[in-house]
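Lettering follows sequence order; numbering is per chain, from 1.
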Amino acid sequence: MPLRAKVASSVSRTAAALSRAAGRGDGSVIGGWIGLKIDPDLLAHLASGRAIALVSGTNGKTTTTRLAAAAVGVLGPVATNGFGANMPTGHTSALAKAGQTPYAVLEVDEHYLPKVLVATEPRVVALLNLSRDQLDRAKEVAMMAQMWRTALAEHPAVHVVANSDDPMVVWAAAGSPAVTWFSAGQRWHDDSWVCPECGSPIERQADQWWCTGCSLRRPVPQWVVEDDGVVDPRGAWHKISLQLPGRVNLGNAATALAVAAQFGVRPTDAVTRLSTVASVAGRYAQVVRDGRNIRLLLAKNPASWLEAFDMADEAPTLLSINARDPDGLDTSWLFDVDFSPLRGRQVLITGDRAYDLAVRLEVNGVPFHHVRTFGEAVKLVPPGRLEVIANYTAFQDIRAELDRVL
Amino acid sequence: MSSDSTISIVWIYPDLLSTYGDRGNLLILARRAALRGLPVQTMEVRSDQALPTTADIYLLGGGEDGPQALAAQRLIADRGLHRAVAQGSVVFAVCAGYQLLGGSFFAKGTQYHGLDLLDFRSDRGPARAVGELGGPIDPRLGLPPLTGFENHGGRTHLGTGVSPLARVTTGVGNDGATEGAWRGKLLGTYSHGPALSRNPALADLLLRWATGYDTLPPLDDTWADRLRAERMAATAVS
């Protein structure tokens, strides 16, 4: 590593440590930011010599990154940005902090994938899904798919691991010479009714989909979720015992195994490591308070709300909605979510934008009770499980409140 | 209303024009009719299907540039909406769908023909208008103030054959001064997505236009009223 990069890396680690010591943050952004100021190529220097996998998509990237890092860990130490700091500053901090590791698995914000491809020259890129997310500022879904496709075309040596169930992802990956397809299922279809290649309608039947105007169709996946396990490309079924709930996390596990396989990890060696992951940056964490077993689920956009309903138990459920900058200021998406799976459960609502949610639930025919605080919600539900589903800053607010009390 | 007493509501091209919870307007109209004991039939018509010409209410949602241009071409070729309007149907359009009702609009840097149903044209503004949108509605419509969220790059210039829906006190709307447009039973707004969720009285106006009733039995709008009050208080401060 050039001297400038060594200095930058060292200063970056120090800044991160100072940030943590001062209680100002977990250091996963500030360290990288300072390091990149000193050496703009620091990320490339830190990435050099490592076998790297990038994980990107609208939903599931933090969890899949965590699972993939666990699976690749069979081979040796893995650097990873485990706290969702998924832009180049976060990657720089993570690599600087980890020191020299043979492997790295990095979560990448979908907008930054082209830039991080150039900087890190990864061996593998995993593409999970693309759907609407914070539309008052994010790129539209089709533009994102186009950006990925163009970027991947410039990196033909990269092995792509991609979701065969998402037409946008398939189209983005289809130009790459080496693709491994996995089937992780996709509940959300409302951003892929129009073919990104030719503009014709896309038809769906059971788990198949095809364009009615051109040759784009679902590729045959090599890794498939089946029952409570995953079938590998040779047809062998592996039981997956996760601490993380829901079928969506089985899909994330399949993706992690497919990524690890590109580094030579056999699924039989990796599955036990997947079961050690208990919570991911506070998500899925379970906290006991006043006899209530509270589980926190993060849902940031329509597709992830559908997945959260699937993960949640049939139990009292608190929904919390904010619309601050990190959440997106527009709450219109609430009408893209069908909340009817919650009918029959005790539903409580809170958050800055609880009234938007109230109007939505009323139209959806889901009875609810509005509470001002998280504490009030805990008092209103009987002892036992309380599921909490919240969007980004609402989730952080509730975590902070739980941390204060415990 | 069509020959039977059922109110029929058509959502036009949800495969192209549905970006920001647009389904909400369909659900809200259907629910508010049903709560009054009015039978409702809703229909989603895709862009590869012919548009029925005898429905009572037609809804147009928001969309990105490409789908918006495609929707314009198909609606112009189909002519179904023009026939329905000639027969007195109600049209409620938001955002990109609103622009479609005029003479022309810009998408992907190119000017496209609109449906020529209302006397206005749209072009590109200096900056994208993103944020809360609100203001007092044309007093002739007898509605409380408009409140909504806008997200569009276009500016709309009204001709003499159309009236602005509202005067802008928050946000940009058509041009920073006026917002939306209406004439007869056609009404468009930049308040995008589920615009009716914050404007239940506007939803009832559309139902009254469709049924010919002067009044409808009141509904319990406690939550919508709280939402309106909260949003209007938030924008008054900012």
Side-chain angles (χ1 to χ4, degrees), chain A residues 131-132 134-144 146 189-196 198-203 212-213 301-302 305 321 323-325 328-340 349 351-365 367-370, chain B residues 13-16 18-32 34-35 46-49 61-67 69-70 94-95 128-132 148-151 191-200 203 219-231 234:
Chain A
S131 69
R132 61 188 70 182
Q134 301 179 21
L135 278 168
D136 59 301
R137 64 153 186 246
K139 280 186 200 284
E140 61 179 293
V141 171
M143 277 172 66
M144 189 76 71
Q146 175 69 62
H189 293 158
D190 283 354
D191 291 308
S192 52
W193 289 114
V194 178
C195 175
C198 76
S200 301
I202 284 176
E203 294 278 355
T212 54
N301 49 49
W305 278 85
I321 299 290
R324 300 176 199 165
D325 276 332
L329 303 176
D330 185 6
T331 56
S332 299
W333 59 269
L334 286 169
F335 281 85
D336 287 324
V337 179
D338 179 9
F339 289 87
S340 61
I349 65 170
D352 297 352
R353 299 302 290 270
Y355 294 154
D356 295 76
L357 185 55
V359 170
R360 171 66 188 119
L361 292 175
E362 203 169 50
V363 175
N364 220 166
F368 60 88
H369 187 93
H370 176 236
Chain B
Y13 302 170
D15 54 327
L16 297 177
S18 169
T19 314
Y20 300 95
D22 296 283
R23 179 184 298 278
N25 295 325
L26 181 76
L27 299 174
I28 289 162
L29 286 171
R31 175 172 180 271
R32 297 185 77 81
L35 286 173
R46 275 180 20 171
S47 59
D48 57 349
Q49 298 170 314
E64 301 297 341
D65 283 12
L70 198 54
V94 308
C95 205
R128 215 171 160 77
V130 184
E132 296 285 325
F149 194 93
E150 64 182 334
N151 184 353
S191 174
H192 80 188
L196 300 178
S197 67
R198 288 202 207 172
N199 300 282
L219 297 179
D220 178 0
D221 281 321
T222 305
W223 292 108
D225 290 343
R226 284 183 189 170
L227 172 59
R228 286 176 60 80
E230 177 205 274
R231 295 326 303 155

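- Between chain B and the residues A:Val363, A:Asn364, A:Leu334, the most heavy-atom pairs under 4.5 angstrom are made by A:Val363.
- With A:Tyr355 as the fixed residue, the side chain to side chain contact (heavy atoms under 4.5 Å, CB included) test singles out one of B:Arg226, B:Arg198, B:Arg231: B:Arg226.
- Partners of A:Pro302 under the side-chain contact (heavy atoms from CB on, under 4.5 Å) rule, at least two apart in sequence or in another chain, are A:Arg132, A:Trp188, A:Trp333, A:Asp336, A:Val337.
- Interface summary for chain A: among B:Gly193, B:Pro14, B:Gly24, B:Ala195, the most heavy-atom pairs under 4.5 angstrom belong to B:Gly24.
- Only one option out of B:Ile28, B:Asp22, B:Leu26 pairs with A:Phe335 in a side chain to side chain contact (heavy atoms under 4.5 Å, CB included); it is B:Ile28.
- No side-chain heavy atom of A:Thr331 sits under 4.5 Å from any side-chain heavy atom of B:Phe149.
- For A:Val194, the part sitting under 4.5 Å from any heavy atom of chain B is the side chain, from C-beta outward, and nothing else.
- Heavy-atom pairs under 4.5 Å with chain B peak, among A:Ser332, A:Gly365, A:Gly199, at A:Ser332.
- Applying the side-chain contact (heavy atoms from CB on, under 4.5 Å) test to A:Glu362 and every residue at least two apart in sequence or in another chain returns B:Arg31, B:Trp223.
- Neither the backbone nor the side chain of A:Asp338 has a heavy atom closer than 4.5 Å to any heavy atom of chain B.
- Among B:Arg46, B:Arg23, B:Glu230, the residue with the largest count of heavy-atom pairs under 4.5 Å with chain A is B:Glu230.
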